[in-house]
Number of protein chains: 2
Amino acid sequence: MPATDASSASNMRSLERAIDVLEVLDSSTQPLRLSEISRRAGLHVATTKRILTVLESRGRVEHDEAGFRAGLALLFGAHAYLESSPLVAHARPVVQELASVTGYTASLFARSGLARAVVLRVEGTSPMRYVLPTGERLPLTLGAGKVLAAYLEPDELERLVESEQDHPSATGERQTRAELDRDLAAVREQGYYFALQERAIGVGSIAAPILNAEGRCVAGIQIAGRVQELTELREQEVAVEVRRAAAVIAQKLG
Amino acid sequence: MPATDASSASNMRSLERAIDVLEVLDSSTQPLRLSEISRRAGLHVATTKRILTVLESRGRVEHDEAGFRAGLALLFGAHAYLESSPLVAHARPVVQELASVTGYTASLFARSGLARAVVLRVEGTSPMRYVLPTGERLPLTLGAGKVLAAYLEPDELERLVESEQDHPSATGERQTRAELDRDLAAVREQGYYFALQERAIGVGSIAAPILNAEGRCVAGIQIAGRVQELTELREQEVAVEVRRAAAVIAQKLG
DNA sequence: TGACGTGGTTTCATTCTGTGATAAAAACTA
DNA sequence: TAGTTTTTATCACAGAATGAAACCACGTCA
């Protein structure tokens with residue numbers, strides 16, 4: 001993860017920078033040293049330290065010999081989001097239904113910046129022990145992420161491909177820009193995307209975008225299963241269900 | 001929730017204030033209007049708005065006609081915490097074990113400021129549909145929270161009782177300071193606490209503190225079940241298991 | 001042993017950010 | 001319509017946030 005763009009001419013520099021620091025910690029599962037954080041965030045060490053000290057005193061960062069990590073207090077925010085988001089409230093029964101109808105693990109996900117996060121997940125009948133847990137930062141350029149990428153503004157898409165130039169798929173293949181564009185176009189035409197082993201090995205998924213009244217993509221819904229259980233044979237059949245679920249949520253959102 | 005203490009003479013005022021705003025949103029499941037947030041956080045409206053604008057542009061706050069809510073990007077932090085915390089890593093198998101041995105729902109929780117959050121939870125054999133979900137902000141003065149309160153510094157305890165003066169228990173009873181002190185002393189003497197319907201109606205719990213090498217309380221572990229399934233008869237028996245689990249985690253933490 | 005590199009902490013003068021009073025513009029009420 | 005509340009916009013000033021520099025604590029290597 002390269003340094004976040006320090007260009008932002010915000011009117012609250014220190015807060016922007018604190019969020020830069022948080023984003024660095026958010027996307028690391030290992031403790032990071034002060035110097036490493038300042039490097040990744042593109043900030044002066046002194047600045048980084050001041051920010052970390054405040055965040056730590058508020059429980060949003062933890063700290064030991066090994067370095068700095070995300071803090072316990074961050075759980076509160078996630079809980080509040082899941083409890084208060086209308087998207088989540090409307091989608092929950094639909095995701096549930098999709099899982100039980102198809103038997104696959106069903107998930108709702110949404111975009112945040114140039115990444116996405118799984119927001120809701122319901123296990124299917126054959127539980128997958130490959131975990132795709134709530135809150136993980138996932139790319140937009142692989143697998144189900146593409147249904148979100150397909151509705152980015154052109155300039156956002158450009159920023160995305162620049163920043164993600166080196167995200168090989170799970171099988172090690174590297175997709176060209178042309179391939180990506182083709183997939184995104186397919187999403188817009190067919191209203192769904194069928195991915196095999198793009199983001200995780202042995203796993204396939206069928207995903208559909210959720211569009212609001214203005215045609216903006218506000219989230220995506222997907223089912224996922226082991227590749228051997230998710231053959232092309234059922235593609236059509238399952239895709240219909242996924243798209244139907246997406247439509248129901250979209251309609252509920254008004 | 002009263003206005004957070006604005007006294008803090010930090011060296012990063014704007015960041016402190018941004019966190020004040022986040023805490024207001026963290027502890028509300030409903031959307032809040034700008035003016036309401038500024039009131040609760042004890043900040044000027046203009047200041048509050050500037051902060052919210054930045055947070056929203058970074059996905060940490062969402063916004064519609066109904067007001068401001070926690071944002072999707074907050075999920076990333078929670079995920080990072082759960083993945084990177086050594087406490088969580090060490091405790092996970094122990095919590096699992098405790099749930100399967102006792103048959104009750106087992107949880108790990110930790111303190112953040114003057115509240116606590118559930119960090120980990122494993123359902124028992126008779127799944128409880130009263131949810132005590134990860135990340136909810138729970139009081140220290142009721143139920144299992146007391147095992148954390150029992151090890152607060154004296155001045156912290158004072159601040160706690162001041163701020164929580166009006167937290168009646170689930171059954172509507174209001175505990176006196178003397179009762180609280182008695183319970184906290186009991187925790188320190190017996191090494192566990194048996195709570196019946198303090199925080200939630202129909203529910204009881206047995207909790208134990210997890211103390212590190214220096215005798216500081218770093219977390220708590222508990223089992224919870226319906227009152228009719230958690231009689232005094234089994235208290236001793238189950239308490240032994242809970243304490244054992246706490247000891248194992250403490251030892252792993254070194 | 002001493003020179004060097006790396007990572008962390010502290011200090012302090014300068015500057016530009018963050019602040020909040022004020023006011024205007026919306027959004028509601030009645 | 002006028003009255004009330006909430007939100008947005010403006011701007012001059014204070015002081016908060018900044019980053020250079022110096023300092024400390026480690027290692028490692030010659």
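Within every chain, numbering begins at 1; the chains are lettered A, B, ... in the order of the sequence lines, protein sequences first and strands thereafter.
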In residues 69-80 of chain B, what donor-acceptor pairs under 3.5 Å come from side-chain atoms, sequence neighbours left out?
from, atom 1, to, atom 2, distance (Å)
B:R69, NH1, B:E62, OE1, 3.1
B:R69, NH2, B:D64, OD2, 3.3

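Remark: A:Q30 engages no residue in a side chain to side chain donor-acceptor pair (under 3.5 Å) (not counting sequence neighbours).
Looking only at distances, a side-chain donor or acceptor of B:R188 sits under 3.5 Å from a matching main-chain atom of B:A150. Using a distance-only test at 3.5 Å, with no hydrogens or angles considered, a donor-acceptor pair links the side chain of A:S85 to the main chain of A:V88.
End-to-end axis angle for the helix from C:dT9-D:dA22 to C:dA30-D:dT1, using five pairs per end and rounding to 10°, comes out at 50°.
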Heteroatom pairs (N/O) under 3.5 angstrom, protein to nucleotides 27-30 of chain C:
none

Under the salt bridge (Lys or Arg N to Asp or Glu O under 4.0 Å) criterion, do A:R159 and A:E153 qualify, and how do the steps go?
CA-CA 10 Å; A:R159 285 200 294 129; A:E153 300 293 328; over 6 Å; no

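Across all non-hydrogen atoms, the minimal contact from B:L32 to B:V24 is CD1-CG1, 3.6 Å. Minimum interatomic distance between B:R137 and B:D26 (heavy atoms only, all atoms of both residues): NH2-CB, 3.5 Å.
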List the protein contact pattern of nucleotides 7-28 of chain D with one symbol per nucleotide (5' to 3'): B for base contact, S for sugar-phosphate-only contact, - for none; contact means a heavy-atom distance under 4.0 Å.
SS-------SSBBB--------

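Across D:dC23 and D:dG27, the matching P atoms stand 22 Å from one another, rounded to whole Å.
With respect to the salt-bridge test (charged N to carboxylate O, under 4.0 angstrom), the residues A:R177 and A:E158 qualify. Ion pair A:R33/A:E36 not flagged as a salt bridge, since none of the NZ, NE, NH1 or NH2 atoms sits closer than 4.0 Å to an Asp/Glu carboxylate oxygen.
Sorted by first then second residue, the ring pair (Phe, Tyr, Trp, His ring centres under 6.0 Å) pairs that include residues 14-45 of chain B, not counting sequence neighbours, number zero.
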